[in-house]
Amino acid sequence: MPELPEVEVTRRRIEPLLVGRRIRRLETTGQSYFFLTQPARLKRRLKGRTVECLERVGKYLVLLLDDGGRLVIHLGMTGQLFGAGASSLRLLSATARAALTPEQQQSFRPDAHTHLRFRFDDDGPAVFLRDVRKFGKVLWLAPGEAHPRLERLGVDALSVTGDLLFGASRKRDTAVKSFLLDQSIVAGIGNIYADEALHLAKLRPTRRARRLTRAECEKLAEALRGVLERSIETGGSSIRDYVTPDGSDGGFQDERRVYARKGEPCCTCGTAVRRIVVGQRSTHYCASCQR
DNA sequence: ACCGCACCCTGAGCGC
DNA sequence: TGCGCTCAGGGTGCGG
């Protein structure tokens with residue numbers, strides 16, 4: 001689900017539900033590779049801590065704690081971070097949904113996929129982290145502790161420049177699409193926004209990165225920043241699992257130009273959008289607009 | 001240094 | 001109704 005815009009919208013909207021609140025206790029599911037820090041250790045480290053601020057780095061959320069420790073969260077493909085008041089069918093599997101009355105579907109009840117539940121001293125709304133596929137990650141870092149997951153990240157996609165893309169791509173003998181998904185170059189771009197930006201910049205996703213001209217890199221950087229900012233404005237893309245922290249859908253799925261629009265007409269020229277596979281990821285483009 | 005691939009996991013949707 | 005298949009917005013680690 002979540003790429004930079006979805007993570008940023010989540011950050012902004014979950015902030016009031018986290019910052020300034022003291023964690024009374026954390027409840028978790030059992031050990032799995034979702035937990036880079038063991039659940040028992042996580043509970044000990046977070047108990048009694050107050051969240052001082054909430055930051056985003058690429059697709060990661062970082063909670064700064066009052067003892068200088070940090071809680072790092074990655075939402076993976078299906079991660080959902082939301083408050084107790086959230087109501088959305090996206091928070092239920094189809095089978096679970098079928099077993100519930102419409103009234104019951106309104107209030108979220110933690111299920112087997114709800115890996116974190118934050119309870120606070122103020123007895124206000126709890127905060128949940130749900131992740132069906134468990135591709136997400138949680139990790140606690142001691143004060144000052146570094147971690148390769150964060151260290152490796154390149155420049156944040158919202159401030160990408162043409163110069164940076166041009167410089168970084170010179171020796172890259174790979175498709176520009178794959179290049180954009182490399183988080184160590186630019187952090188925050190995922191499959192949706194890579195396809196969308198390449199369409200805006202009129203670049204074929206299979207173009208070798210090293211063959212891009214300076215002007216094309218400039219156009220691509222502009223397209224990336226534009227599409228990411230626009231998606232944040234509209235609340236992100238709710239295509240499958242993504243919901244904002246209050247349970248509402250984002251709006252950017254209605255503004256997609258190519259992503260998951262195979263066979264539908266290109267918004268600029270009417271040619272049917274094609275779907276191919278590039279670097280094991282589904283890729284959508286207009287063969288007429290993108291050369 | 002870089003590239004492509006396998007893999008981690010669960011659920012939805014499809015054809016038969 | 002159920003089975004088996006494909007697909008899904010992410011990232012790491014491996015061998016070549």
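Numbered from 1 within each chain, the chains take letters A, B, ... in sequence-line order. The model shown is predicted, which means the values in this text are computed figures rather than measured ones.
Distance A:Phe34 CZ to B:dT10 C1': 14 Å, rounded to the nearest Å. Computed from coordinates, the A:Tyr242 OH to B:dA12 P distance equals 21 Å when rounded to whole Å. If you measure from atom CD1 of A:Ile185 to atom P of B:dC2, you get 8 Å, rounded to the nearest angstrom. What separates CG of A:Leu139 from P of C:dG11 is a distance of 15 Å, to the nearest Å. For the pair A:Lys59 NZ and C:dT12 P, the interatomic distance rounds to 10 Å; values are reported in whole Å. Distance A:Leu180 CG to C:dG11 P: 13 Å, rounded to the nearest Å. Taking atom CZ of residue A:Arg172 and atom C1' of nucleotide B:dG4, one finds them 12 Å apart after rounding to whole Å. Counting to the nearest Å, the C1' atom of C:dA8 and the CG atom of A:Leu75 are 16 Å from each other.
Sequence order on DNA chain B of the closest nucleotides to A:Leu92 and A:Ala175 puts A:Ala175 first from the 5' end.
In this model, a donor atom of one side chain and an acceptor atom of the other lie less than 3.5 Å apart for A:Ser231 and A:Tyr193. Residues A:Gln80 and A:Arg130 bring a donor and an acceptor atom of their side chains to less than 3.5 Å of each other. Side chains of A:Arg149 and A:Tyr60: a donor-acceptor N/O pair is present below 3.5 angstrom, by distance only.
Environment of CZ in A:Arg13: crowded, with over 12 heavy atoms of neighbouring residues, nucleotides or ligands closer than 6.0 Å. The environment of CZ in A:Arg211 is sparse: at most 12 heavy-atom neighbours from other residues, nucleotides or ligands sit within 6.0 Å. Heavy-atom neighbours of A:Glu15 CD from other residues, nucleotides or ligands within 6.0 Å: above the threshold of 12.
The listed nucleotides are C:dG13, B:dC2, B:dG11; the one nearest the side chain of A:Arg152 is C:dG13. Taking only side-chain atoms of A:Arg149, from C-beta outward, the nucleotide of C:dT12, B:dT10, C:dG10 with the closest atom is C:dT12. Taking every side-chain heavy atom of A:Ala94 into account, B:dA12 is the closest of B:dC2, B:dG4, B:dA12. Residue A:Tyr60 places its side chain closer to C:dG11 than to any other of C:dG11, C:dG10, B:dT10.
Here A:Thr174 does not reach the OP1 or OP2 of B:dC2: none of its side-chain N or O atoms lies under 4.0 Å away. Residue A:His74 places none of its side-chain N or O atoms closer than 4.0 Å to OP1 or OP2 of C:dG10. Residue A:His113 places none of its side-chain N or O atoms closer than 4.0 Å to OP1 or OP2 of B:dC9. Taking 4.0 angstrom as the limit, A:Lys171 places none of its side-chain polar atoms (N or O) nearer than this to OP1 or OP2 of B:dC2.
Within the 4.0 angstrom heavy-atom criterion, no nucleotide atom of any strand lies near A:Arg256.
Taking a cutoff of 4.0 Å between a charged side-chain nitrogen and a carboxylate oxygen, A:Asp122 and A:Arg24 do not qualify as a salt bridge. Under the 4.0 Å criterion applied to side-chain N and carboxylate O atoms, A:Arg56 and A:Glu8 are assigned as salt-bridge partners. Look at A:Glu216 and A:Lys219 and you find no salt bridge, because none of the NZ, NE, NH1 or NH2 atoms lies under 4.0 Å from a carboxylate O. Salt bridge absent: A:Glu3 and A:Lys59 never bring a charged side-chain N and a carboxylate O closer than 4.0 Å.
Going from the P atom of C:dG13 to that of B:dC9 covers 16 Å, rounded to whole Å. When the P atom is used for both C:dC7 and B:dC5, the distance is 15 Å, rounded to whole Å.
With sequence neighbours left out, A:Glu255 forms a salt bridge (Lys or Arg N to Asp or Glu O under 4.0 Å) with A:Arg230. Contacts of A:His284 classified as ring-ring contact (aromatic ring centres under 6.0 Å, His included), with partners at least two apart in sequence or in another chain: A:Tyr259.
For the segment residues 277-284 of chain A, residues with any heavy atom less than 4.0 angstrom from an atom of DNA chain C are, sorted by number, A:Arg281, A:Ser282. Within a heavy-atom distance below 4.0 Å of DNA chain B, the residues of residues 127-137 of chain A found are A:Val132, A:Arg133, A:Lys134, A:Phe135.
Under the ring-ring contact (aromatic ring centres under 6.0 Å, His included) criterion, the residue pairs touching residues 98-119 of chain A are A:Phe34-A:His115, A:Phe82-A:Phe108, A:Phe108-A:Phe128, with sequence neighbours excluded.
Looking at DNA chain B, the stems built from 3 or more consecutive Watson-Crick or G-U wobble pairs, each pair with its key distances under 3.5 Å, are B:2-8 with C:10-16, B:10-16 with C:2-8.
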